[in-house]
Amino acid sequence: MVRAMATRTTSTSGGLDRPNEPSVLILTSLASGDKHGYALTQDITKFAGVTLGPGTLYGAIARLEERGLIAPTPSDDRRQPYRITSSGRAALVAALQQMRQLADEGTMRLGLRVAKSQLARRPSVVWWAR
Amino acid sequence: MSRADRVAKLLGWYPPLWRAKYGPGLAALLEDTYGKGKIPAKAQISLIKTGVAERARETGLLGDTASPLERQRAGSLLVLCGWAGFMLAGALFAKFTDNWGASTSNGDRTLVRAMYATVQWGGAAGALLVLTAALIVLPSLIRLVRSGDWTSLRRPVVQALCTGTVFVASSVGLILWAHHLSYRDRNGALVSYEIVVACWSVAVGVCVAVGTSAAVSITQRLDLSRRKVQSLSTMAMALTLSMAAILAAMITWWKIEASHAPAFMRDGIGNGFIVTSSTFPPALVVASILMMIGLAAAIAGALRVAHARRGGAGTHLGGSIS
């Protein structure tokens, strides 16, 4: 599903294209461990099907670092690795919850069934049925 | 050109501070991604685009990382850049409408005269605003020069002084020469005069561009108080309004004259060079395009100022990257 949503590129779709935001993709990638630029692009391509251009990637890295959402980790190599900070983790959680709410809302409005048993445990988990 | 040179050239689009911090990592990423092969055009465009965006961010024109005052200053300077386009367009319009009052019939000319006066008064008001803004920043500039910490300003100042000197000298020479020519020679009969005037016009354009660039560089580096920045941004917004009035008045004047005085429009400067038209004289087309570009820049700058004054700052994670 992430892959399908990530391939959307139009900005007219409001929040639907939010998973495609470089910041969200980078934070998601760093959530599983520290990575440098190349490792980030490889990982993002793998899990989201999106290839970030070098300019876009470093522009996003600079913004995230400015906001304290990621931080560089000590390294002697010029390949500078980055780690997600606690603020970054919190921001990612908030962004993912927003996406999940949107997905749930869209699912409901499309008339697709939501598993009640699952809803009771995790309100935002849905399953798809034709 | 070696690969390292190509990468260095691409990184040159980024501001120096950004380059010092992220340049090595970005260069390593390019090396890891493309090996020794050519960097694809798409990636190069991506780098240039983000490099320009980073420069705009650094000056406070983009993003919300700069302080509201810095954003106001950046917006005001963008309005000044728009005004530079208006100065060139205004000069072209003034030359085109030379002898306009005497060449056209009297009749009911109330509206067209009012429009012409609006262009003139709008221009005068704009020039006055820019002059007042220059006077406001002058004490800070003097303080900076006295402190001796103005080496970074030397280059733009020297460039502006050089082009200004060349402009003044060429203008004096041109005026002296024109003084010895007949009306006919000055109005298309003497080809050499036309060529010199064309070269002089280019010099005016270069002079305005270099002067504006120097003014922007200087104002960016000056230590200005909150009150001064707010005064400058208020004047920038007023300047934007006068630019909008000038453009609207010029287009109205143009429309009326195209239908009531086609002979005057056909004989204006620029006609006959590539095309001849009484409805769309090339000089007015160029002037209006310059004004539209200038006004677009000024509106963007004024909006930036207004947004910064409201203290607007997008903090949404998704909206933070462009």
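So that the names make sense, note that chain A is the first sequence line, chain B the second, and so on, each numbered from 1.
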Exercise for the section: Answer yes or no: does atom NZ of B/K228 have more than 12 heavy-atom neighbours from other residues, nucleotides or ligands under 6.0 Å? Expected result: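 It does: B/K228 NZ has more than 12 such atoms within range.
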Practice task
Check whether any side-chain heavy atom of B/M291 lies under 4.5 Å from a side-chain heavy atom of B/M243, and answer yes or no.
Solution key: no
Handout entry: Heavy-atom side-chain contact between B/L239 and B/M235 under 4.5 Å
Key = no
Exercise for the section: Evaluate the salt bridge (Lys or Arg N to Asp or Glu O under 4.0 Å) criterion for residues B/R57 and B/E70: first the C-alpha distance (whole Å), next the side-chain angles of each, then the deciding distance (0.1 Å), finally the verdict. Expected result: CA-CA 10 Å; B/R57 275 177 202 282; B/E70 284 306 311; over 6 Å; no
What part of [X] lies closer than 4.5 angstrom to a heavy atom of chain A: side chain, backbone, both or neither?
X	value
B/Q44	neither
B/L30	side chain
B/W18	side chain
B/K42	neither

Problem - Any donor-acceptor pair under 3.5 Å from B/T234 side chain to B/Q230 backbone - result: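 Yes, B/T234 side chain to B/Q230 backbone: donor-acceptor pair under 3.5 Å.
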Exercise for the section: Report yes or no: does A/Q80 contribute a side-chain atom to a donor-acceptor pair with the main-chain N or O of A/H36 at less than 3.5 Å? Expected result: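 No, because the side chain of A/Q80 does not come within donor-acceptor range (under 3.5 Å) of the backbone of A/H36.
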Handout entry: For chain A, the option from B/I48, B/L26, B/L10, B/L47 that forms the most heavy-atom pairs under 4.5 Å
Key = B/L26
Problem - Contact origin within A/T41 toward chain B - heavy atom pairs under 4.5 Å - result: side chain
Handout entry: Contacting moiety of A/L40, where chain B heavy atoms sit under 4.5 Å
Key =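 Contact with chain B involves no heavy atom of A/L40 at all.
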